[in-house]
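Encoded as structure tokens, the structure appears first; notes follow it.
Counting convention: from 1, in listed order, for ligands and their atoms alike.
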Amino acid sequence: MPVQVGVGLAFVLMAGSLAAVFLTVAFDAQTTAAEVVTARGYRMRRAWFLFLLAFAVVAFFISMFWLPYQAPREAAYGTPTTTVDVTARQFDFQLSATDLPVGQTVAFRVTSADVNHGFAIYDQDGRIVGQVQAMPGVTNVLVMKFDRPGRYFIHCTELCGPFHYGMAGTFTVGGGTASGGGCGGLALGCGTAACGAGCGSA
Ligand code: CUA
């Protein structure tokens, strides 16, 4: 089940439960004394609060292991065998390597030379597969593993200036032999340093 469907179902379940509480109280209020309804309402509210609290605590601890932080990623993927230094600046990404190995753990060490940028990696289908903030004076590490060879695209996901929309780049995985549409695919940043030879005339 896609995670979006799960989130949607959970939302419907919780919103439905809340609506049921309101409806129960509303219909009861017409036939029962106010104090009785109030007392019951408070009991239901307390139970609901405790349920939500327990749910939130459990969900928090479970979802911690899905967060793309460095330590859990390295625990899941293994110690990185390739490190790519990424410097973002208005309006371009510089990568120390633009051809990455298939099926191996890669650590992107991402920083910015000027303002805050977003470093988001998209696969050939335009799906975002990883994202980290590029911040001046800070190096954030994004640990990734690419099982699918081909061209990947980078887009800035932080509004960083007038040409934010065109701040993009690309890299290949597994020698770039698979067709990925070149920079004409998703990337608008033809001519950027990271774009390389896939750009044709740019
Ligand atoms: Cu860099 Cu938007």
What residues join Met135 in its hydrophobic cluster, counting side-chain heavy atom gaps under 4.5 Å, either direct or through other members?
Val138
What residues form a side chain to side chain contact (heavy atoms under 4.5 Å, CB included) with Thr157, not counting sequence neighbours?
Ala120, Tyr122, Gln131
Working for ring-ring contact (aromatic ring centres under 6.0 Å, His included), residues Phe108 and Phe171:
CA-CA 12 Å; Phe108 292 91; Phe171 61 87; 5.7 Å; yes
Are any of the side-chain nitrogens in Arg109 or Asp85 under 4.0 Å away from the carboxylate oxygens of its partner?
yes
Under 2.8 Å from atom 1 (Cu) of ligand 1, protein N/O/S atom count?
4
Identify whether Ile154 and Val141 are in the same connected component of the hydrophobic contact network (ILVMFWY, side-chain heavy atoms under 4.5 Å).
no
Residues at least two apart in sequence or cross-chain that pass salt bridge (charged side-chain N to carboxylate O under 4.0 Å, His left out) with Arg148, listed by chain then number, are Asp123, Asp125
